[in-house]
Amino acid sequence: MKFLIINGPNLNMLGKRESGHYGSFSLEEIKTYTNQNCPSEVSLDWWQSNSEEKIIEKIHELEQSDYQALIINPAAFSHTSIAIMDALRIIKIPIIEVHLSNVHSREEFRQTLLTAKAASIIMGGLKKDAYLFGVNAALSLLKG
Ligand code: DQA
């Protein structure tokens, strides 16, 4: 099975930002860690952008792809982007929204989770394990 992992703005700066919330791993280190521990039946493609437009276009491409699940951390766009939520509502594969931090224990403005309205599963607080658990959640959903 092939899953796509999309990371939104500022996640390319992991390792340098607020380690109390996000842990000390860089995105590259999380990628290596997740790929190494991922179930052997799954292959992962990773993609990151700081641009809302590019993220929307990447989601649109999923309509024509052979990915079986999308794991997405829309980062700050989770709280603001009706456009990404609408794009996610177009695609038919399971969507797992992950956050490294527990957004519910943080500021008031992080309590609105627009993109999560289009997700099958939402999880947060696992730091470097966020994506690995996201992959396993997608697998569990697909296997029924
Ligand atoms: C985040 C949480 C968001 O509120 C924040 O803007 C991020 C990262 C997380 O993974 O915990 O950039 O999505």
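In listed order, ligands and their atoms are each counted from 1. Because the structure is a prediction, the values reported are computed rather than measured.
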Candidate with minimal heavy-atom separation from atom 1 (C) of ligand 1, of His99, Gln111, Met13: His99
Minimum distance, heavy atoms only, to atom 12 (O) of ligand 1: which one of Arg17, Glu107, His21, Glu18 is it? Arg17
I need the [X] [atom1] to [Y] [atom2] distance, nearest 0.5 Å.
X: Glu18; Y: Arg106; atom1: CD; atom2: CZ; result: 5.5 Å
X: Leu142; Y: Phe3; atom1: CG; atom2: CZ; result: 5.0 Å
X: Ser105; Y: Arg110; atom1: OG; atom2: CZ; result: 10.0 Å

Per-atom filter on ligand 1: closer than 4.0 angstrom to a heavy atom of His79 are 3 (C), 4 (O)
Suppose I only count heavy atoms of Val103 and a 4.0 Å limit; which atoms of ligand 1 are within that range? 2 (C), 4 (O)
So is there a nitrogen or oxygen of Ala76 less than 3.5 Å from a nitrogen or oxygen in ligand 1? yes
Is there a side-chain contact between Ile55 and Trp47 in this structure, where contact means two heavy atoms from C-beta onward sitting under 4.5 Å apart? yes
Among all protein non-hydrogen atoms, which one is nearest to [atom], and what is the separation to 0.1 Å?
atom: atom 11 (O) of ligand 1; answer: Ser101 OG, 2.6 Å
atom: atom 7 (C) of ligand 1; answer: Tyr22 OH, 3.5 Å
atom: atom 9 (C) of ligand 1; answer: Leu100 N, 3.4 Å

Between Val98 and ligand 1, which residue portion shows a heavy-atom distance shorter than 4.0 Å: side chain, backbone, both, or neither? neither
Kindly assign one of parallel, tilted or perpendicular to the pair Trp46 and Tyr131, based on the angle between their ring planes and the thresholds 30° and 60°. tilted
side-chain contact (heavy atoms from CB on, under 4.5 Å) between Ile121 and Glu97, worked out: CA-CA 6 Å; Ile121 294 173; Glu97 176 166 323; over 6 Å; no
So which heavy atom on Val42 is nearest to which on Val135, and how close? CG1-CG1, 4.2 Å
